[in-house]
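Read through the structure below, which is laid out as structure tokens, and then see the notes.
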Amino acid sequence: MRFAIVLGIYALVLLGSLWMGYELRFDFEPTGEYLVHFTFIACWLIAAKLLLLWFFGQFESLLTYFGFNDAKKIFLACFLGAVLALLIWAKEGIAFAPPRAVILTDLLLSFVGLCSVRTSFRLARQGYFFNHRTEGQPRKVAIIGAGDVGSSLVRDMQHRPGLRRKALVFFDDDAAKWGTTIHGVPVVGPPERLADTAANLALDEIIIAMPSAPIRRIREVVYLLGRATLPFTIVPSYEQLLSGKVSVSQVRPVEIEDLLGRQSIDLNTESIRELVEDRVVMITGAGGSIGSELCRQLAGYSPRRLLLVERCEGQLFQIEQQLLGGGLGAEILPLVADFCDEGRMRAIFSRFAPSIVFHAGAHKHVPLMEQQSGEAVRNNALGTRLLARIADEARADRFVLISTDKAIRPTNVMGASKRLAELYIQAFQQTAHHTRFIAVRFGNVLGSSGSVIPTFKQQIAAGGPVTVTHPEVSRYFMTVREAAGLVLQSATQGQGGEIFVLNMGKSMRITDLARQLIELSGLRPDVDIEIRFTGLRPGEKLHEELIHESEDMLATSHPHIMSFVGQPMPFLSIEHAFLGLQERLPSLEADRIKLEIQKIVPEYTPYLPAA
């Protein structure tokens with residue numbers, strides 16, 4: 001049915017174009033000499049053009065979707081039809097083909113006619129002729145960035161009324177563009193002119209479309225928008241656009257990640273695929289920030305089976321649904337389990353035989369663990385020991401421990417417990433028979449549960465104050481995607497006993513982070529929202545470190561990854577210490593546990609309240 005309709009429409013357009021060619025050639029009074037052959041000529045010429053349109057895929061193409069590529073193919077069909085007509089005219093004359101002038105006129109009219117019909121169907125699909133029926137008026141939008149991305153954004157708005165946005169004006173730093181128009185939208189000047197223009201045009205929204213601009217300039221623009229008290233959004237990054245997963249019209253709120261200046265990290269995806277493809281992979285803490293991102297990235301490398309180990313069923317359900325909904329092609333197996341449960345872990349290893357273990361499960365909240373040091377040691381240190389030994393007995397190929405920069409000269413129980421885990425797997429590597437053990441250290445992950453950013457957002461939403469421990473406290477930050485990518489890349493490089501660290505750039509003052517988040521919310525720091533300093537918490541450092549004094553830094557094959565190799569402790573020594581700690585743990589008070597940890601980790605400076 002659809003084919004017949006398309007055939008009929010194309011045939012009518014081509015017939016009308018040919019008839020109009022005769023009319024124009026003979027001043028609307030064609031003579032009988034030419035008309036006597038019209039029916040025969042029209043039949044074969046229209047049939048030839050229809051055949052050419054079919055050859056170029058214009059019968060399979062939906063009428064309501066029309067673009068430059070379709071126009072090019074329609075022109076080729078019309079042009080080749082005209083060439084055929086000219087050849088026949090040259091050999092047989094007007095008895096078998098139209099006159100030359102008619103052929104050329106028909107070429108132009110048939111191309112314009114077919115394109116006009118297709119364009120009309122496209123406009124009808126997009127509601128162009130029925131905009132008055134849309135609910136409410138479109139939002140009045142200004143776009144900062146008159147480049148390719150801004151141009152594409154305006155085109156999307158004009159062609160897709162369902163977006164309910166209308167671009168009124170462009171702002172751009174390039175003075176050469178001022179006074180010009182893009183798709184009918186004027187470029188009026190730099191973003192600094194926004195305040196005056198916004199008031200005159202009654203703008204509803206500002207969209208930042210500068211994915212290639214320096215981070216410093218993005219920060220300046222966000223500051224201007226914050227002062228203008230207008231809602232603003234940003235287009236996706238170039239990496240997201242190039243991936244094909246999002247389009248420029250999928251604008252989103254500006255996030256703190258957009259202002260940090262983190263450069264994207266190029267990974268050797270082929271080496272990761274060789275490691276993961278068609279192998280059974282286990283992730284502990286699969287529902288956490290790092291664990292869930294590891295699951296998402298690993299699933300893209302076609303493992304034979306992905307074992308999602310998580311003791312919180314709510315978090316496990318969420319990541320399972322994300323993976324299944326994404327159609328990532330891996331066999332997802334969610335397992336509600338505690339990695340400290342020896343019987344459960346042995347059963348999982350025995351049944352599924354994972355080749356690679358990413359150990360992301362941990363207690364990580366510094367203040368909570370400071371009050372419950374026994375749980376920090378039991379989970380982060382003794383749990384890692386148990387899992388490492390089971391992995392080696394089960395002949396797993398690799399075991400990757402997720403560690404933290406807080407393990408360097410730790411001043412809190414959480415960091416000290418992770419340092420214990422690092423020391424154990426480095427020592428255990430000396431006697432392990434089958435498994436390569438490595439660790440990966442991170443700074444703070446943006447947006448992870450319990451981190452400063454979700455806390456600050458909640459405080460801002462409540463009207464403040466935003467609480468910061470100290471005016472000069474600073475931390476290293478990275479995105480969760482970077483963190484997971486580093487783990488995967490490190491897993492391909494580890495030979496056993498290494499600790500890998502990402503080149504994390506410069507640390508950032510938490511006060512500056514708080515100010516930027518307040519400004520992103522359209523508010524003014526210290527005016528609309530108070531920043532209150534509360535003092536460093538027990539076990540908290542002013543500045544974090546990444547390198548331990550006893551470790552040597554080595555370059556790796558990846559420019560953004562460093563490897564640290566230190567002299568491991570004698571295995572029997574640390575094994576005896578761990579067993580003693582495990583035996584005495586239930587009977588020891590929190591402060592006594594800290595002193596026991598210090599015997600194994602001499603550089604640990606525990607927080608001990610005055611008696």
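- To the nearest 0.5 angstrom, Ile518 atom CD1 is 13.5 Å from Lys457 atom NZ.
- A donor-acceptor contact shorter than 3.5 Å links the side chain of Ser373 to the backbone of Ala590.
- Pairing each heavy atom of Met345 with each of Phe339, the nearest pair is CG-O, 3.5 Å.
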**Study point:** Stepwise side-chain contact (heavy atoms from CB on, under 4.5 Å) check, Glu310 with Thr284
**Key:** CA-CA 6 Å; Glu310 172 62 60; Thr284 68; over 6 Å; no
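- With a 4.5 Å cut-off on side-chain heavy atoms, Ser302 and Arg273 count as touching.
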Exercise for review: Could you walk me through whether Leu306 and Leu333 pass the side-chain contact (heavy atoms from CB on, under 4.5 Å) test, one step at a time?
Suggested key: CA-CA 6 Å; Leu306 207 56; Leu333 184 61; over 6 Å; no
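- Taking each heavy atom of Leu323 and Ala299 in turn, the nearest pair found is CD2-CB, 4.1 Å.
- A donor-acceptor pair is defined here as one N or O able to donate and one able to accept, closer than 3.5 Å; such a pair exists between the side chain of Asp392 and the backbone of His434.
- Ring geometry for His359 versus Phe399: interplanar angle of 30 to 60°, hence tilted.
- Taking 4.0 Å as the cut-off between side-chain N and carboxylate O, Asp341 and Arg344 do not count as a salt-bridged pair.
- To the nearest 0.5 Å, the span separating CD1 on Ile208 from CZ on Phe232 amounts to 6.0 Å.
- The nearest pair of heavy atoms linking Ala514 to Phe456 is CB-CE1, 3.8 Å.
- Rounding to the nearest 0.5 Å gives a distance of 5.5 Å between CD1 of Ile593 and CG of Leu588.
- Arg279 is listed as a side-chain neighbour of Ile356, based on a closest heavy-atom distance under 4.5 Å.
- Between Ile438 and Ile499, the closest side-chain pair of non-hydrogen atoms is not below 4.5 Å.
- With hydrogens and angles ignored, the 3.5 Å screen pairs no side-chain donor or acceptor of Thr233 with any backbone N or O of Ile207.
- Counting all heavy atoms, side chain and backbone alike, Ala416 lies closest to Ile597 at CB-CG2, 3.8 Å.
- Between the side chains of Gln459 and Thr467, at least one donor-acceptor pair of N or O atoms lies under 3.5 Å.
- Listed here is the closest heavy atom pair of Pro602 and Ile600: CD-O, 3.3 Å.
- Note that OG1 of Thr492 is 6.0 Å distant from CD1 of Ile272, once rounded to the nearest 0.5 Å.
- For Gln297 (side chain) and Arg481 (main-chain N/O), a donor-acceptor pair under 3.5 Å exists by modelled atom type.
- By the 6.0 Å contact criterion, CZ on Arg584 is enclosed, its count of non-hydrogen atoms from other residues, nucleotides or ligands being greater than 12.
- No more than 12 heavy atoms of other residues, nucleotides or ligands shown are found within 6.0 angstrom of CD on Glu313.
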Exercise for review: Mind running side-chain contact (heavy atoms from CB on, under 4.5 Å) on Met369 and Lys364 for me, showing each step along the way?
Suggested key: CA-CA 7 Å; Met369 293 302 101; Lys364 64 178 185 177; over 6 Å; no
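- At least one side-chain heavy atom of Val413 sits less than 4.5 Å from a side-chain heavy atom of Lys594.
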Practice item. Evaluate the side-chain contact (heavy atoms from CB on, under 4.5 Å) criterion for residues Ser474 and Ile510: first the C-alpha distance (whole Å), next the side-chain angles of each, then the deciding distance (0.1 Å), finally the verdict. Key: CA-CA 5 Å; Ser474 66; Ile510 303 300; 5.9 Å; no
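- A salt bridge between Glu277 and Arg304 is absent, with no side-chain N of the basic residue lying under 4.0 Å from a carboxylate O of the acidic one.
- Inter-residue side-chain proximity for Leu307 and Ile283 is flagged as unmet; no heavy-atom pair is nearer than 4.5 Å.
- Remark: Glu331 engages Arg305 in a salt bridge, criterion side-chain N to carboxylate O under 4.0 Å.
- Here Asp405 does not pair with Arg441 in a salt bridge; the nearest charged N to carboxylate O distance is not below 4.0 Å.
- Counting heavy atoms from C-beta on, the side chains of Val400 and Phe437 never come closer than 4.5 Å.
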Check your understanding: Hey, mind stepping through Glu422 and Gln426 against side chain to side chain donor-acceptor pair (under 3.5 Å) and telling me if it holds?
Key -> CA-CA 6 Å; Glu422 288 182 357; Gln426 282 188 307; over 6 Å; no
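- When all heavy atoms are compared, the tightest approach of Ala360 to Ile402 is CA-CG1, 3.6 Å.
- Here the CD-CG distance, from Glu375 to Asn380, works out to 9.5 Å after rounding to the nearest 0.5 Å.
- Counting only distance, with no hydrogens or angles, the side chain of Gln430 and the backbone of Ala427 share a donor-acceptor pair below 3.5 Å.
- For the atom pair OG1 (Thr431) and CZ (Arg389), the distance works out to 7.5 Å, reported to the nearest 0.5 Å.
- Using a cutoff of 4.0 Å between basic side-chain nitrogens and carboxylate oxygens, Glu589 and Arg592 are not scored as salt-bridged.
- Within the 4.5 Å cutoff, the side chain of Asp591 has no heavy atoms near those of the Tyr607 side chain.
- A donor and an acceptor atom, one from each side chain of Tyr424 and Arg419, are nowhere located under 3.5 Å apart.
- Between Leu308 and Leu335, every side-chain heavy-atom pair lies at or beyond the 4.5 Å cut-off.
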